[in-house]
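Model, not experiment: these values are computed from the prediction. Letters A, B, ... are given to chains in the order of the sequence lines, protein chains preceding strands, and every chain is numbered from 1.
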Number of protein chains: 2
Amino acid sequence: MSKRSGILEFAVLGLLRESPMHGYELRKRLNTSLGVFRAFSYGTLYPCLKTLVTQGWLIEETAADTDPSAAPLAGRRAKIVYRLTAAGKEHFEELLAHSGPDAWEDEHFAARFAFFGQTSKDVRMRVLEGRRSRLEERLEKMRASLARTRERLDDYTLELQRHGMESVEREVRWLNELIETERAGRSERPATGRDHNDNNQENGGRPGDRGTA
Amino acid sequence: MSKRSGILEFAVLGLLRESPMHGYELRKRLNTSLGVFRAFSYGTLYPCLKTLVTQGWLIEETAADTDPSAAPLAGRRAKIVYRLTAAGKEHFEELLAHSGPDAWEDEHFAARFAFFGQTSKDVRMRVLEGRRSRLEERLEKMRASLARTRERLDDYTLELQRHGMESVEREVRWLNELIETERAGRSERPATGRDHNDNNQENGGRPGDRGTA
DNA sequence: AATTTCATGTAATTCGTTACATGATTCC
DNA sequence: GGAATCATGTAACGAATTACATGAAATT
């Protein structure tokens with residue numbers, strides 16, 4: 001039953017794909033590395049982990065399970081470590097391959113983008129372009145509504161609209177850069193197969209960089 | 001019982017302060033003029049209106065109530081028009097005067113800003129400055145977390161962080177401009193007394209403008 | 001020894017949406 | 001007279017939070 005929000009499930013699966021973790025640590029990663037934009041509480045995370053286990057995508061391990069002798073040595077006792085199962089990995093690849101319209105909504109998009117490192121190039125392109133046209137649509141609406149109501153609005157409301165539109169325009173420019181860069185050459189790297197540690201280093205800079213050209 | 005979200009209640013009260021409206025229209029204003037950032041559905045709005053009536057802040061009027069003869073003439077029949085009561089007006093002024101820490105969270109802030117036209121200068125200042133330090137706090141955390149984890153992150157995650165930080169920095173600059181402008185001289189206009197239609201025109205441009213100086 | 005941080009969970013509650021149900025009014 | 005838009009509502013559900021409850025490990 002239920003969807004478990006998509007976004008949280010997706011992010012959890014993605015983070016656990018990199019390495020097994022327990023809930024507490026997972027939550028921190030969700031809120032820092034990944035989640036500049038989104039914070040989840042324990043009351044959300046723990047029940048979600050339980051259902052993911054139920055669905056066979058994760059397994060719980062106590063530290064002793066894997067290495068009974070080494071467990072006490074490790075820095076700090078990890079009570080329950082969650083590890084991605086084969087089925088979970090498969091499920092995550094599927095989610096990664098989908099690029100439906102939900103994928104270009106604000107938070108959903110950010111989550112997708114955060115795992116672009118594991119995403120194939122064509123999906124990356126579809127998501128970036130989908131996001132862009134979503135924003136352009138939004139801009140159109142904003143412009144139209146602004147044209148209709150301009151006179152009736154006071155300075156502050158107007159300024160709020162203006163600033164909001166500028167933010168959206170700025171994100172469109174950002175997407176344009178990213179799309180250009182993707183077009184220019186980043187290698188394929190389908191998300192399957194090789195270990196995730198061979199991070200693509202064939203382009204050293206940040207995705208937006210076009211090198212020294 | 002209950003808080004009714006603060007933000008929706010606040011916005012409804014604020015919009016109705018300008019002029020009476022029925023639910024359908026209210027919702028449109030919420031989602032265009034005011035809500036570049038936030039959309040509410042009928043399933044949220046109508047129940048909310050009901051509780052506001054219960055609390056005595058609004059009264060329902062059928063078009064015939066106020067002017068039985070003129071009602072049929074008006075462009076389109078308005079089924080239930082909501083009007084702010086004296087108590088509701090008072091309550092809104094109170095909300096307007098509060099500048100607690102909730103007021104500088106993302107959506108809450110936007111709602112507050114949208115009604116700055118009715119807000120006294122000192123409260124405006126407190127809200128703007130509160131918002132700014134809230135964002136600066138957030139920037140600090142982001143910088144710290146970035147410094148801690150920089151090496152472990154792949155290009156895309158890094159780029160996402162970078163773009164997120166830039167967005168926040170940009171909003172801080174925006175706030176700086178607004179604060180400067182406020183300091184420079186916009187008149188007091190306490191939210192009570194005179195009719196809301198004498199919108200302050202002593203400064204013609206948008207709030208961020210510093211005129212021709 | 002006490003405090004902080006790590007760690008896991010549950011119950012009640014809040015906020016809001018979707019889908020449904022209904023009907024009037026305007027435009028073609 | 002049929003479609004689109006205006007207009008009002010409700011019931012079921014969804015997603016996530018807060019407050020609570022508990023306890024172990026590390027730090028001072």
Side-chain angles (χ1 to χ4, degrees), chain A residues 1-12 20-32 35 37-54 58 60-64 71-82 101-102 105-108 111 148, chain B residues 1-12 20-32 35 37-54 58 60-64 71-82 101-102 105-108 111 148:
Chain A
M1 54 180 73
S2 73
K3 281 278 175 45
R4 268 308 154 201
S5 153
I7 176 164
L8 177 55
E9 170 186 314
F10 178 77
V12 165
M21 259 178 281
H22 53 263
Y24 192 84
E25 198 186 344
L26 205 41
R27 193 228 176 192
K28 278 199 305 186
R29 304 266 326 252
L30 238 35
N31 297 332
T32 57
F37 35 87
R38 192 72 166 84
F40 290 99
S41 63
Y42 299 120
T44 312
L45 178 58
Y46 284 118
C48 172
L49 285 170
K50 285 291 162 68
T51 75
L52 294 182
V53 168
T54 304
L58 305 183
E60 296 183 347
E61 287 175 352
T62 58
L73 299 178
R76 114 180 338 137
R77 172 189 152 193
K79 293 204 160 176
I80 302 175
V81 173
Y82 291 91
D102 6 333
E105 291 311 311
D106 299 318
E107 297 188 333
H108 223 307
R148 259 187 289 106
Chain B
M1 57 173 73
S2 75
K3 281 275 176 45
R4 267 307 153 201
S5 153
I7 177 164
L8 177 56
E9 170 188 313
F10 179 77
V12 165
M21 260 178 279
H22 54 262
Y24 192 84
E25 198 186 344
L26 205 41
R27 194 229 175 191
K28 278 202 303 190
R29 304 266 327 249
L30 238 34
N31 297 332
T32 56
F37 36 87
R38 193 73 167 85
F40 290 99
S41 62
Y42 299 120
T44 313
L45 179 59
Y46 284 118
C48 172
L49 285 169
K50 285 292 161 67
T51 75
L52 294 182
V53 168
T54 304
L58 306 183
E60 298 183 344
E61 286 175 352
T62 59
L73 300 177
R76 113 178 340 137
R77 172 191 152 191
K79 294 203 159 175
I80 302 175
V81 173
Y82 291 92
D102 5 333
E105 291 311 311
D106 299 319
E107 297 188 334
H108 222 308
R148 260 187 289 106

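- B:T44 and B:S41 form a side-chain donor-acceptor contact under 3.5 Å, judged by distance and modelled atom types alone.
- B:Y42 has its OH atom 20 Å from the C1' atom of D:dA12, to the nearest Å.
- Considering only side-chain atoms of A:Y46, the nucleotide from D:dC6, D:dA24, C:dG9 that sits closest is C:dG9.
- Nucleotide C:dT17 holds its C1' atom 17 Å from the CD1 atom of A:I7, rounded to whole Å.
- At least one side-chain heavy atom of A:E60 sits under 4.5 Å from a side-chain heavy atom of A:K50.
- In this entry the distance linking CZ of A:F40 with C1' of C:dA7 reads 20 Å, nearest Å.
- At the heavy-atom level, B:G23 lies under 4.0 Å from the strands shown only through sugar-phosphate atoms.
- When distances are taken from the side chain of A:Y82 to each of C:dG9, D:dG9, D:dA7, the shortest belongs to C:dG9.
- When distances run from any side-chain atom of B:K50 to the nucleotides D:dA7, D:dG9, C:dG9, the shortest one goes to D:dG9.
- When each of A:L45 and B:E25 is assigned the nucleotide of DNA chain D bearing its nearest heavy atom, the one mapping closer to the 5' terminus is B:E25.
- Rounded to whole Å, atom C1' of C:dG16 lies 13 Å from atom CG of B:L30.
- A straight line from NZ of A:K79 to C1' of D:dA26 spans 13 Å, rounded to a whole angstrom.
- Between the axis at the start and the axis at the end of the helix from C:dA1-D:dT28 to C:dT14-D:dA15 there is an angle of 20°, using five pairs per end and rounding to 10 degrees.
- Between the CD atom of A:E9 and the P atom of D:dA15 there is a distance of 10 Å, rounded to whole Å.
- At whole-Å resolution of the value, CD in A:E60 and C1' in C:dG9 are 12 Å apart.
- The side chain of A:Y24 contributes an N or O atom lying less than 4.0 Å from OP1 or OP2 of C:dC6.
- Each of C:dT10, C:dT8, D:dT18 was ranked by its minimum atom distance to the side chain of A:S41; first place goes to D:dT18.
- B:N31 and B:A39 get closest at one heavy-atom pair: OD1-CA, 3.0 Å.
- Nearest approach of A:L30 to A:L8, heavy atoms of both residues: CD2-CD1, 3.6 Å.
- Among the nucleotides D:dC6, C:dT8, D:dA16, the one closest to any side-chain atom of A:T44 is D:dA16.
- In this structure, the CZ atom of B:R27 is 12 Å from the P atom of D:dT8, given to the nearest Å.
- Scanning all heavy atoms of the two residues, the minimum distance from A:E107 to A:I7 falls at O-CD1, 3.5 Å.
- A:I80 is not listed as a side-chain neighbour of A:L49, based on a closest heavy-atom distance of 4.5 Å or more.
- Scanning both residues, A:Y42 and A:P47, for their nearest heavy atoms gives O-CD, 3.6 Å.
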